[in-house]
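Reviewing the structure listed below.
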Amino acid sequence: TKQVDDKIFFSPEDLLSSLPRQDGIFQPYSYQYQGFWFDPSGLQEIMGCQKHFQARENDIFLVTAPKSGTTWLKAVLYALINREACHPQDPHHPLLKQTPHQLVPFLESLMPSEYDSVSNSSDNSCTRIFGSHIPISSLPKSIMEEGKIVYLCRDIKDTFVSLFHFANKANFRPSPISLDNAFDLFCKGSSHAGPIWDQILGYWKESLERPHKVLFMRYEDMTDAPHTQLRRLAHFLGKPVSKEEENAGLPDRIIKLCSFGSMSNLEVNKTGNFVATIKNDSYFRSGVVGDWKKYLTAEMGSKLDQLTKEKFGGSGLSI
Ligand code: A3P
């Protein structure tokens, strides 16, 4: 049985049927839970980890809205944290043989028995690196007390276009969704862990209040100034890039190893399925800033910009 607020439910179906529902983009329906919309499979996973996950002091959580560049930053985090034991130029680097999602799992996709076996850092600190899409208000409580959070967001229009393509590749729908339908649903907040604006704002506010706890990053900054962002990230995680490392070109090596060109050309990322029906290559489409212009009309672009302006008004945030 599961308990939500004061009610006790006896099966996942029973629980879902008690929640508000609307059409979904990635799966046919999405369900509203604690103020956000989720794909049904993802929602059950979140409830599981809310109940069972216990964060630790050295944990690192990379949180994103789907299609904001999670795969990229998972790779960067992994390469950065493990740089001493495994140089980014090492021909046996794990990122050359495993997908970033294998090396840095999504917290909510793990069974409770797997939490302790996550060991994706080579140092003695027992650092665990997890990905997640959970909104800040729904994170397992212990994450607010222990560990550090890196939040990555991306231009909303590019995120939507990326999501639209991904939804039709992932085969979780009985039939493809049209761009117009997906767009309307996205504006209504019906993307996993949406409304996307609310998810971003939650982490933005926390990053202002607790800058040692939450680092707020943008995909476009990573594209424009990867060195600056890498240094920022390393500093935030308490593993600053040293002068010697700078002089030896380590940041360049990490950036190159994790670049779209390198990653998308690796055999492991071109073939196979790591997650259910999702092919590994679905995580690498074009990686281009402003790609939305190829798919959205000017009106659609303005509508998303307008919504972003309204939602972020007064927060000091613009993306
Ligand atoms: P596009 O669909 O716009 O190309 P996520 O990892 O959160 O699922 O996001 C996927 C998006 O990040 C896709 O965007 C994908 O192409 C892009 N991406 C994946 N790896 C990348 C990398 N190494 N550098 C830049 N962008 C990358």
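All ligand and atom numbering here is 1-based and tracks the order in the structure. Throughout, residue positions are numbered sequentially from 1 according to the sequence presented.
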Query - Glu108 and Ser132: CA distance, side-chain angles, deciding distance, side-chain hydrogen bond (donor to acceptor under 3.5 Å, both in side chains) verdict - result: CA-CA 7 Å; Glu108 46 271 38; Ser132 179; 3.0 Å; yes

Student check: side-chain heavy atoms of [X] and [Y] closer than 4.5 Å:
{"X": "Pro174", "Y": "Pro28", "value": "yes"}
{"X": "Val289", "Y": "Tyr219", "value": "yes"}
{"X": "Thr71", "Y": "Asn269", "value": "no"}

Query raised in the report: Is Lys74 close enough and on-axis enough to Phe106, meaning under 6.0 Å and within 45°, for cation-pi?
Result: yes

Query raised in the report: Under 3.5 Å, is there a donor-acceptor pair between the side chain of Thr159 and the main chain of Asp155?
Result: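 The answer is yes, because a donor-acceptor pair under 3.5 Å joins these two groups.
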
Give me the nearest non-hydrogen protein atom to [atom] as residue plus atom name, then the distance to 0.1 Å.
{"atom": "atom 16 (O) of ligand 1", "result": "Arg285 N, 2.9 Å"}
{"atom": "atom 22 (C) of ligand 1", "result": "Trp72 CG, 3.4 Å"}
{"atom": "atom 12 (O) of ligand 1", "result": "Gly69 CA, 3.9 Å"}
{"atom": "atom 8 (O) of ligand 1", "result": "Lys67 NZ, 2.6 Å"}
{"atom": "atom 19 (C) of ligand 1", "result": "Tyr283 O, 3.2 Å"}
{"atom": "atom 13 (C) of ligand 1", "result": "Ser162 OG, 3.5 Å"}
{"atom": "atom 7 (O) of ligand 1", "result": "Thr70 OG1, 2.5 Å"}

Do any nitrogen or oxygen atoms of [X] come within less than 3.5 Å of a nitrogen or oxygen of ligand 1?
{"X": "Thr71", "answer": "yes"}
{"X": "Phe284", "answer": "no"}
{"X": "Ser286", "answer": "yes"}

Query raised in the report: Where the closest heavy atom to atom 3 (O) of ligand 1 is concerned, which of Met222, Met263, Arg154 has it?
Result: Arg154

**Report entry** Nearest candidate to atom 23 (N) of ligand 1, where distance is taken over non-hydrogen atoms, out of Cys258, Pro66, Ser264
**Finding:**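 Nearest option to atom 23 (N) of ligand 1, by heavy atoms: Cys258.
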
Query - More than 12 heavy atoms of other groups within 6.0 Å of Lys205 NZ - result: no

Query raised in the report: Hey, what's the ring geometry for Phe172 with Phe26, parallel, tilted or perpendicular (30° and 60° as the breaks)?
Result: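 The rings of Phe172 and Phe26 sit tilted, inter-plane angle from 30° to 60°.
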
Query - Residue part near ligand 1, for Ala75, under 4.0 Å between non-hydrogen atoms - result: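 Contact part for Ala75 vs ligand 1: neither.
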
Query - Test item, Tyr219 contacting ligand 1 (heavy atom, 4.0 angstrom) - result: yes

Query raised in the report: Would you call His165 a ligand 1 contact, heavy-atom distance under 4.0 Å?
Result: no

Query raised in the report: Between Phe183 and Phe160, is the ring centre distance below 6.0 Å?
Result: yes

Report task. Could you give me the CA-CA distance, side-chain angles and deciding distance for Asn247 and Glu244, then say whether side chain to side chain contact (heavy atoms under 4.5 Å, CB included) is met? Result -> CA-CA 5 Å; Asn247 294 341; Glu244 295 74 45; 5.8 Å; no

Query raised in the report: Can you list the atoms of ligand 1 that are under 4.0 Å from a heavy atom of Ser259?
Result: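 Result: 23 (N).
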
